[in-house]
Amino acid sequence: MDMMKKLQATWQKHWRASIHSARLGPGPMSVMALLVMVFLVGWGLSVLPACHRQPIGPEEAFIPRWREIREEPIVRVRVVRGVSVIELKVDQTKATYLVCRQPHISAGRDTDRPPHTQQLPASVRVESEGGFVTVRDGRGRVLIRSNQPIYFEAPVRDRLGRGHGEETETGAWQNVANHANRAGNAGGYTARQTGATVAVLGSVGENVGGNVVRSVGGGIIMVQGRAYGGKLAIVPRAGLVGTFDVINHIGLESYLPGVLEGELYKHWHAEAFAAQAVAARSYAIYIAQQRRRQRGKDFDLEATTASQMYHGANAHSKALDAVRRTRGLILTYNELLVPTFYSSCSGGTSQDAWAVFPNAPKIPPLQGRDHGHWGASSQRFHWGPVFRDTPTLRKRFVAWGKSRGHAIAKLGSITDVAVSRRNSVGRPIAFTIRDARGQQFELNAEAFRLACNQNAEGLPRVKSETRLYSAYVTPRMVGPTQGGVQFEDGRGHGHGVGLDQYGTQEMASKGYNAASILAFYYPDSVLRRAY
């Protein structure tokens with residue numbers, strides 16, 4: 001045990017020294033520190049007994065191995081949900097028409113024939129009519145009528161005004177880079193990516209133009225005042241006649257700037273953006289892999305906090321730079337991709353991932369731990385107390401139970417609400433609700449928070465001053481049975497797993513770089529470039 005303590009102390013000393021100089025790429029870390037780290041890690045792992053290496057649970061089979069991620073994936077993001085009418089239009093300075101693609105259908109199945117493609121005006125109206133999706137032009141004329149998904153893309157115009165290249169697949173950037181390299185043998189051409197646009201430049205930096213200028217994921221389409229690259233799928237809602245979803249199919253690297261735009265404040269530090277880019281990339285790949293295992297799923301991610309906030313193609317330069325700088329970088333553990341969950345503020349103590357997400361792997365990077373004072377700048381670092389009367393709270397629990405098929409839908413008059421389990425650092429992971437009939441129901445922490453905030457018919461929406469911003473609270477019964485519950489010592493905002501966004505900003509402003517921030521919030525993880 002003395003040897004173990006010496007090993008840990010020596011490792012921590014050199015790790016702290018190196019982490020302050022670490023970079024996402026070559027940096028000034030001393031060769032001696034690097035050699036010491038490599039030696040200690042190799043020797044330390046060789047002498048540690050097997051029980052000191054935390055095993056991965058049976059969920060391992062469901063987590064992708066990072067080496068299997070060989071190229072930039074396409075993600076499917078639901079950007080509009082359950083609407084009956086919508087307008088699509090393109091920026092006519094960049095494109096003059098829409099491209100529509102429909103799969104050939106035979107006896108209810110897609111055929112192997114190439115999709116039917118047609119050119120449409122730059123602005124169309126999409127409506128749901130009796131189970132069919134109808135596309136009309138500005139004069140109301142029907143252009144398309146289908147009960148199958150319809151895909152829209154916007155071609156890109158070069159500087160001479162020629163439309164071309166509805167290229168939406170992963171290889172868009174690589175194809176242009178290869179073209180540039182081939183051209184370079186004769187004329188010294190190079191490829192450059194600016195935002196979502198890839199261009200081939202001549203020897204003095206001028207844009208060559210022609211058919212070698214591509215928009216990664218296609219051109220820009222406007223929907224409800226927001227711009228999207230890639231292609232948009234109009235998908236009729238199964239079991240909900242008269243509505244459809246709008247799903248954005250886009251390359252991951254073109255998707256991420258819109259996530260950073262939605263998740264972080266523009267004035268935050270560049271290192272905070274870089275750390276968030278890596279976390280958002282790893283999370284998106286993990287969720288997309290999970291969804292692709294489930295048949296019949298039309299999308300991978302929501303454009304809301306249900307997955308990650310996504311603001312489409314209009315990202316600012318700091319977000320674009322962070323994605324470019326970290327291209328392909330992900331976090332791994334024991335060759336597995338780490339599902340890098342994150343939230344606004346942990347309140348000083350994080351949550352175990354598996355206490356919130358049952359299929360999350362039980363690995364050290366996702367274990368609850370003390371975050372100290374990081375994140376204290378958030379208005380939700382400490383909050384409360386919040387009072388809820390028990391009759392109204394019961395109705396919210398019942399409504400939540402009915403919406404999820406949970407037994408708490410049968411809850412009677414509430415007599416007690418209490419924390420029933422905590423994680424290793426004291427954060428609640430489960431709550432028990434008891435009623436006058438002697439029934440008791442246990443909810444995990446995140447389910448408890450959502451149930452307390454559930455909208456219910458006949459009740460007003462929960463106000464900001466009475467909302468539970470996290471489940472990091474201590475409930476206390478107040479008054480008689482028909483009194484209420486006082487939620488005291490509220491901390492944090494969100495589920496509290498993994499990276500704390502406010503803490504990330506504070507660490508960045510104190511001089512920590514993205515690599516060290518990620519090492520703090522996902523300990524024992526390894527930063528790798530997947531593609």
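Side chains are part of it too, since the values below use all heavy atoms of this structure and drop only hydrogens, waters and symmetry mates.
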Looking only at the aromatic ring of each residue, does the gap between the centers of F341 and F357 stay below 6.0 angstrom? yes
Ring centres of F441 and H406 under 6.0 Å apart? no
Report the C-alpha separation of R388 and R396 in whole Å, then their side-chain angles, then the decisive distance to 0.1 Å, and conclude whether the side chain to side chain contact (heavy atoms under 4.5 Å, CB included) test is met. CA-CA 11 Å; R388 297 286 192 87; R396 297 196 187 279; 4.0 Å; yes
Has [X] got a side-chain atom pairing as donor or acceptor with [Y]'s backbone, closer than 3.5 angstrom?
| X | Y | result |
| --- | --- | --- |
| R427 | D352 | no |
| E506 | A376 | yes |
| R281 | T326 | yes |
| E335 | R65 | no |

With side chains defined as the heavy atoms from C-beta onward, is the minimum distance between [X] and [Y] less than 4.5 Å?
| X | Y | answer |
| --- | --- | --- |
| Q501 | W268 | yes |
| F273 | D321 | no |
| R467 | V386 | no |
| Y521 | Y342 | no |

Do we get R78 above Y310's six-membered ring, with its NZ or CZ under 6.0 Å from the centre and within 45° of the axis? no
Determine, for Y472 and R491, whether the Lys NZ or Arg CZ falls below 6.0 Å from the six-membered ring centre while staying within 45 degrees of the axis.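 Satisfied, under 6.0 Å and within 45°.
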With side chain to side chain contact (heavy atoms under 4.5 Å, CB included) as the test, pick out the partner of Y283 among I330, V338, L301.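 Per the side chain to side chain contact (heavy atoms under 4.5 Å, CB included) rule, the option paired with Y283 is L301, out of I330, V338, L301.
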Option among L252, V259, L256 that satisfies the side chain to side chain contact (heavy atoms under 4.5 Å, CB included) test with V323: L256
Output, in order, the C-alpha distance, side-chain angles, deciding distance and verdict of salt bridge (charged side-chain N to carboxylate O under 4.0 Å, His left out) for E457 and K395. CA-CA 9 Å; E457 186 176 353; K395 291 180 181 179; over 6 Å; no
Just checking, any donor-acceptor pair under 3.5 angstrom between side chains of S350 and R369? no
Could you walk me through whether R292 and D300 pass the salt bridge (charged side-chain N to carboxylate O under 4.0 Å, His left out) check? CA-CA 7 Å; R292 299 296 170 94; D300 307 317; 2.7 Å; yes
Just jot down the side-chain contact (heavy atoms from CB on, under 4.5 Å) partners of N444, sequence neighbours excluded, or say none.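 Expected list: E446, A447.
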Verify the neighbour count for atom CD of Q379: are there more than 12 heavy atoms of other residues, nucleotides or ligands below 6.0 Å? no
Looking only at non-hydrogen atoms, find the nearest pair between S346 and D500 and report the distance. N-OD2, 2.8 Å
